[in-house]
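Comments concern the structure below.
In this chain, numbering begins with 1 at the start of the sequence shown. Given the structure is predicted, the values throughout are model-derived calculations rather than measurements.
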Amino acid sequence: MSSILPTAVDVSSWQGDIAWAQVKPNIWMAIIRVQDGTHADRKLSRNIKYCEQLGIPYYCYGFYRNGGATEAARMVSRAKAAGAKNVRGYVLDIEVAGQSIANILSAGNTLAKTGLDNGVYIANHLYSQYASVAKQSWVKF
């Protein structure tokens with residue numbers, strides 16, 4: 001293991017029931033999907049439960065659908081309701097063109113209120129459109 005770079009896994013309902021005890025020795029951290037817009041991820045509670053039980057460092061993310069502060073607050077609320085106690089931060093996953101930068105900034109400011117290491121993922125093909133978001137003070141990750 002010492003000869004490879006740290007590995008992070010991005011998980012959601014698409015991966016099914018992950019064997020977290022088997023995965024743990026091979027990863028540095030997990031990034032757990034909370035939602036896709038207004039739709040909660042079906043495996044959220046299970047994924048958080050195992051990361052919490054096994055001491056796997058994790059972040060939570062939401063596939064962003066232009067819902068602004070409301071969408072960000074929903075993400076935090078859902079993660080907490082699913083048992084997120086040791087979450088390191090929240091991430092906005094921006095992969096759809098045509099989002100309002102003002103709404104993204106509003107979402108980010110809502111995440112900043114958590115005091116955690118929050119961040120943003122911007123799809124490569126959209127980076128030039130949303131580069132200003134990555135420069136915000138709330139972006140730590």
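- Every pair tested for salt bridge (charged side-chain N to carboxylate O under 4.0 Å, His left out) that includes a residue from residues 95-123 fails, sequence neighbours excluded, so the list is empty.
- The two residues Tyr58 and Gly83 have their closest heavy-atom pair at OH-O, 4.4 Å.
- For residues 31-41, the salt bridge (charged side-chain N to carboxylate O under 4.0 Å, His left out) pairs, not counting sequence neighbours, are Arg33-Asp41, Asp36-Arg65.
- The side chain to side chain contact (heavy atoms under 4.5 Å, CB included) search around Gln53 returns Lys49, Tyr50, not counting sequence neighbours.
- Between Val120 and Ile94, some side-chain heavy-atom pair lies under the 4.5 Å cut-off.
- What you find for Ala30 and Trp20 is that their closest heavy atoms are CB-CH2, 3.9 Å.
- Checking side-chain atoms of Asn66 against main-chain N and O of Ser100 turns up a donor-acceptor pair under 3.5 Å.
- Minimum interatomic distance between Cys60 and Val34 (heavy atoms only, all atoms of both residues): CB-CG2, 3.5 Å.
- Residues that satisfy the side-chain hydrogen bond (donor to acceptor under 3.5 Å, both in side chains) test with Tyr64, not counting sequence neighbours, are absent from this structure.
- Here Ala72 pairs with Ala107, Thr110, Leu111 under the side chain to side chain contact (heavy atoms under 4.5 Å, CB included) rule; sequence neighbours left out.
- Applying the side chain to side chain contact (heavy atoms under 4.5 Å, CB included) test to Ala112 and every residue at least two apart in sequence or in another chain returns Trp138.
- Side chains of Gln35 and Arg78: a donor on one and an acceptor on the other come within 3.5 Å.
- Through side-chain heavy atoms spaced under 4.5 Å, either directly or across other Ile, Leu, Val, Met, Phe, Trp or Tyr residues, Val96 is tied to Phe63.
- Considering Ile18, Ile56, Leu54 as possible partners of Val23, the one that fulfils the side chain to side chain contact (heavy atoms under 4.5 Å, CB included) test is Ile18.
- Screening residues 6-28 for salt bridge (charged side-chain N to carboxylate O under 4.0 Å, His left out) gives Asp17-Lys43, Asp17-Arg46 as the qualifying pairs, with residues at least two apart or on separate chains.
- Evaluation of the salt bridge (charged side-chain N to carboxylate O under 4.0 Å, His left out) test over residues 79-91, restricted to residues two or more places apart or in two chains, returns none.
- Annotation: side chain of Trp28 is not in contact with side chain of Pro57 (no heavy-atom distance under 4.5 Å).
- The shortest non-hydrogen separation linking Gly89 to Leu116 is CA-CB, 3.7 Å.
- Residues passing the side-chain hydrogen bond (donor to acceptor under 3.5 Å, both in side chains) test with Thr114, sequence neighbours excluded: Asn118.
- Taking the side chain to side chain contact (heavy atoms under 4.5 Å, CB included) definition, one finds that Leu105 meets it with Ile101, Val133, Gln136, sequence neighbours left out.
- Listed here is the closest heavy atom pair of Ala21 and Pro25: O-CD, 3.4 Å.
- Interatomic distance, CD1 of Ile32 versus OG of Ser45, reported as 10.0 Å (0.5 Å rounding).
- The two atoms that bring Tyr61 and Val11 nearest to each other are CE2-O, 4.1 Å, heavy atoms only.
- Applying the ring pair (Phe, Tyr, Trp, His ring centres under 6.0 Å) test to residues at least two apart or on different chains, none of the pairs has a partner in residues 72-129.
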